[in-house]
Structure formats: C-alpha cells, structure tokens
Number of protein chains: 2
Amino acid sequence: MKPVSKTSPPGRIKIMTSFSTLMGTKDFQSITIAEIAKNAGVTEGLIYKYFKDKKDLLYQVLCQHFAGFLSLVQDRTAAENSCIAKLEAIVSASLESYNQNRVFARILLLEVRNSPAYFDSCAYAMVKKYSRLIREIVCDGIAKKELKPDTDPFLLQKVILGAIEHTCLKQVIFDRELDVQAASSGIINIVSYGVKK
Amino acid sequence: MKPVSKTSPPGRIKIMTSFSTLMGTKDFQSITIAEIAKNAGVTEGLIYKYFKDKKDLLYQVLCQHFAGFLSLVQDRTAAENSCIAKLEAIVSASLESYNQNRVFARILLLEVRNSPAYFDSCAYAMVKKYSRLIREIVCDGIAKKELKPDTDPFLLQKVILGAIEHTCLKQVIFDRELDVQAASSGIINIVSYGVKK
DNA sequence: TTTTGTAAGTAAGTTTTACTCACCTTTTGT
DNA sequence: ACAAAAGGTGAGTAAAACTTACTTACAAAA
C-alpha cells in the first residue's frame with residue numbers, strides 16, 4: 001500500500017478541496033456525495049476508495065486543518081515565557097484561526113461532536129493534544145507559583161476552552177467578523193483577575 | 001385550527017415521547033422515522049402531520065425540555081440577591097439540569113447547532129432569553145458596583161456559558177456523572193477572583 | 001337527527017442519497 | 001516484460017425521508 005502524502009493521489013486531493021469549498025457555503029448534512037464528486041471532477045465511487053464514508057471525509061478534512069492549527073498554537077506558546085502569556089497566546093491563536101478559517105471553525109465547533117465515530121478519529125486525537133497542552137501550561141503555572149495553588153487544572157482548561165469556543169460561536173454561525181485582540185485580552189483578563197470588585 | 005396543548009393529540013404526544021426515548025440510546029442521525037413511528041405505535045405519515053420534518057420534531061422536543069429548564073433557572077436566580085449568587089445559581093441549575101436530563105443536554109449541546117433552521121426555531125428563541133438573563137444579571141452587578149466597572153457584559157456572558165457547556169461536555173458525550181457542586185463553585189471562583197497569584 | 005366540516009390517522013407510493021461492486025486503465029517493482 | 005497494485009469509472013442497490021390520496025372519528029350547526 002502506497003503512503004498517503006499531502007499531494008499523492010490527485011483524486012483524493014480534489015475530493016478534499018471540493019468538500020472544503022462546499023463547506024464554505026452550506027452545512028455538512030445538505031452537501032451530497034454527488035455534489036462533492038461533480039465539484040471535484042471525479043466519480044462518486046472514487047470517494048469511497050479513499051474514505052470509508054461521508055463522515056470519514058469530514059474527519060480527515062478536519063484532521064488536515066487541525067494539524068496546521070495545532071503546530072501554530074505550539075509555536076506561539078513556545079515563544080512565551082510566563083504561564084499567563086502562554087495562555088493568552090493559545091486564546092488569541094485559536095480565535096485568530098477560527099476567525100480566518102471559517103470552514104475549519106464550523107467543522108470543529110458545529111459538525112463533528114454529534115456522532116460517536118468522531119471520538120475515534122485522528123481529528124479528535126489532535127483535539128486531545130490541544131487540551132492537554134493547555135492543562136500542562138496550567139500545571140506548570142501552579143508549580144512555578146504563578147497561579148493560585150488551589151487551581152484545578154482540568155476545570156481551568158475547560159473554562160478557557162469553553163470561553164474560546166463560545167466567544168466566537170455566534171460570529172462563526174452567522175458569519176460575522178470577530179475582534180480577536182479585544183476578545184482574547186478580555187478572556188485572559190477575566191480568568192486572571194476575576195470580575196468581582 | 002385546534003390549539004396544540006401539552007396533552008391534546010395523543011399521536012403527537014406519543015411521537016414526541018418515542019423520539020425522546022430513542023434519543024436516550026442513539027444519536028439523531030441514526031434514528032429513523034420508521035423507528036420513531038413504530039416505537040410510538042403510529043404510522044410514518046402521522047409524524048408529518050405534526051412536524052414539518054425530522055429536524056422540526058427535534059426542535060419541538062428541545063423546546064419543550066428548554067421551557068422547563070428556563071423556568072427553573074428563572075426561579076433559582078430570583079431567589080438570590082447578590083449578582084455573584086445569581087450567577088452561581090445559573091451555573092449550578094444548568095449543570096444540574098444537563099446532568100439529570102442527558103437527552104436534553106445532548107440535543108442542546110450536540111445535535112442542533114449544525115443546521116441553520118435551528119436558529120429560526122422556538123428552541124433557539126428560548127436560548128436567547130437564557131443568555132439575555134445572564135447578561136442582565138451582569139449589567140445589574142456592574143450598576144450595583146458588585147462587579148468591576150470595565151467588565152464587558154457580552155464577553156462575561158459568553159465566558160460563563162462556555163464554561164458551563166465545556167465543563168459538562170465530556171460527561172454528556174461519554175455518559176459519565178458530573179460533580180455539579182464542585183464544578184459550579186469552581187467556575188464561579190475562577191470567574192470571580194481569577195487564577196493569577 | 002342529519003349534515004357538514006375539520007382534525008386524527010392510515011397505507012402505499014416516490015424520490016433522494018449514501019454506498020457497493022464489477023470492471024477498466026495506468027503505473028510500478030522485479 | 002509482465003504481474004500486481006493503485007487510480008479511476010459507471011451503473012446499480014437499498015434504505016430512509018418525505019408525499020399524497022384516502023378513511024375514520026367527532027363535534028357543532030341546521
């Protein structure tokens with residue numbers, strides 16, 4: 001079996017980009033296999049040579065997008081020293097990516113979580129890496145006495161991830177622009193210092 | 001045209017409860033109309049007498065669940081005086097409801113947001129009420145100098161809602177129990193005082 | 001009491017769409 | 001050179017969502 005590289009079977013590439021393009025204008029459910037094939041200039045049968053089913057195509061496209069996203073996040077955090085600065089880097093890099101790549105954001109935030117198969121996909125494996133990264137930064141911050149010692153790393157990770165997602169959710173759904181800078185510094189401010197007077 | 005009450009057409013009730021039950025064991029996509037009809041003891045055709053399509057059935061079932069949830073949240077917040085106490089009431093009531101009613105939680109958090117029609121449904125209208133309630137409490141807290149004056153009500157609302165959802169997401173997806181008390185006080189603690197030492 | 005109009009419910013289609021399978025064609029390793 | 005494997009095709013299948021023409025129950029008006 002030949003390795004599946006980023007450029008190898010032209011058909012595979014065409015199918016994935018065709019699908020990605022279609023996801024820019026409509027939701028997963030209303031995109032048909034016939035449409036994907038026609039748009040890619042291949043036959044329906046070929047799609048099933050490279051993808052188990054329609055959802056597998058979705059997961060693999062997400063996986064590709066997420067790979068780029070994850071390495072961006074890793075680079076940005078590595079460039080920062082303090083725990084808070086690292087967390088702000090994650091928040092802003094995430095919001096920036098979701099803002100710039102709406103297809104990626106819509107797949108990740110709206111289209112995959114509903115089916116069990118997703119949680120066995122390579123895309124979800126990357127999501128786990130991403131959330132583990134946040135948790136590790138938090139743990140490190142506690143160890144270095146930058147964060148309060150009673151902070152629950154799991155809970156804080158969830159609060160940050162939830163904040164990121166919900167902050168851009170409306171913009172992603174209704175295709176509106178997001179002020180990434182304002183939102184990320186706002187989130188970090190709330191999480192760092194709290195809102196109570 | 002007769003009014004559609006909570007008990008009126010037996011068929012309608014049977015369809016909705018049948019669907020709700022099925023949602024307890026499998027996801028929306030893999031539930032078929034035939035299955036719903038058989039389980040309810042009615043014919044497939046009847047479903048389309050009361051519901052525009054399969055998704056409309058989903059939205060109406062969510063709407064019913066959400067109505068009860070919303071009034072619980074309203075009651076709990078009305079019983080508190082301070083802004084922080086009201087917010088904690090919202091967080092704990094939400095987590096409690098999601099923990100107890102998994103069908104409701106899974107529909108709301110995983111199954112509806114992917115299709116545009118949802119945002120015109122009566123269910124989404126209630127979600128808007130719910131998030132507006134949070135925002136109003138925040139605004140009130142700022143006005144009463146309980147919260148910092150530079151707090152952005154929209155952003156804080158999103159952070160809280162995101163924190164709620166992400167905190168129970170894993171538990172809802174993988175059907176695990178959630179420590180509602182610990183989670184809600186943890187969230188309120190982070191949002192109130194921050195995590196920075 | 002009969003009529004009549006409407007809501008409740010049925011049963012047998014139709015159509016769409018994801019998916020399959022048997023078959024060609026091109027490339028590649030030995 | 002040639003077998004084997006990968007790339008690609010096109011017609012066909014099955015299942016599931018949705019339609020439509022129909023019947024039955026039932027309440028209020030005449």
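Keep in mind the model is a prediction, meaning the values are calculated, not measured. Below, chains carry the letters A, B, ... as their sequence lines are ordered, and counting in each starts from 1.
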Candidate pair A:Tyr59 and A:Tyr124, rule ring-ring contact (aromatic ring centres under 6.0 Å, His included), full reasoning: CA-CA 9 Å; A:Tyr59 302 149; A:Tyr124 184 65; over 10 Å; no
Contact state string [nucleotides 8-21 of chain D, B base, S sugar-phosphate only, - no protein heavy atom under 4.0 Å]: BBB-----SSBB--
Trace of the side-chain hydrogen bond (donor to acceptor under 3.5 Å, both in side chains) decision for B:Glu35 with B:Asn39: CA-CA 6 Å; B:Glu35 212 175 354; B:Asn39 204 284; over 6 Å; no
Check: A:Asp175 main-chain N/O paired with A:Lys170 side-chain donor or acceptor under 3.5 Å: no
Pairs touching residues 156-165 of chain B that satisfy salt bridge (charged side-chain N to carboxylate O under 4.0 Å, His left out), sequence neighbours left out: B:Arg113-B:Glu165
Nearest-angstrom distance from the residue atom CD1 of A:Ile47 to P of D:dG7: 16 Å
Lys/Arg-Asp/Glu bridge criterion (N-O < 4.0 Å) met for A:Glu146, A:Lys86: no
Test: B:Lys54 cationic atom under 6.0 Å from B:Phe28 six-membered ring centre, within 45° of axis: yes
B:Lys52 atom NZ: more than 12 heavy-atom contacts under 6.0 Å: no
Sort me out a list of protein N/O and nucleotides 24-26 of chain D N/O pairs below 3.5 Å, or just none if empty.
none

Short N-O contact, A:Lys55 and A:Glu111, less than 4.0 angstrom: no
A:Phe51 CZ to D:dG7 P, straight-line distance once rounded to whole Å: 12 Å
Integer-rounded Å distance: C:dC19 C1' and A:Ile15 CD1: 14 Å
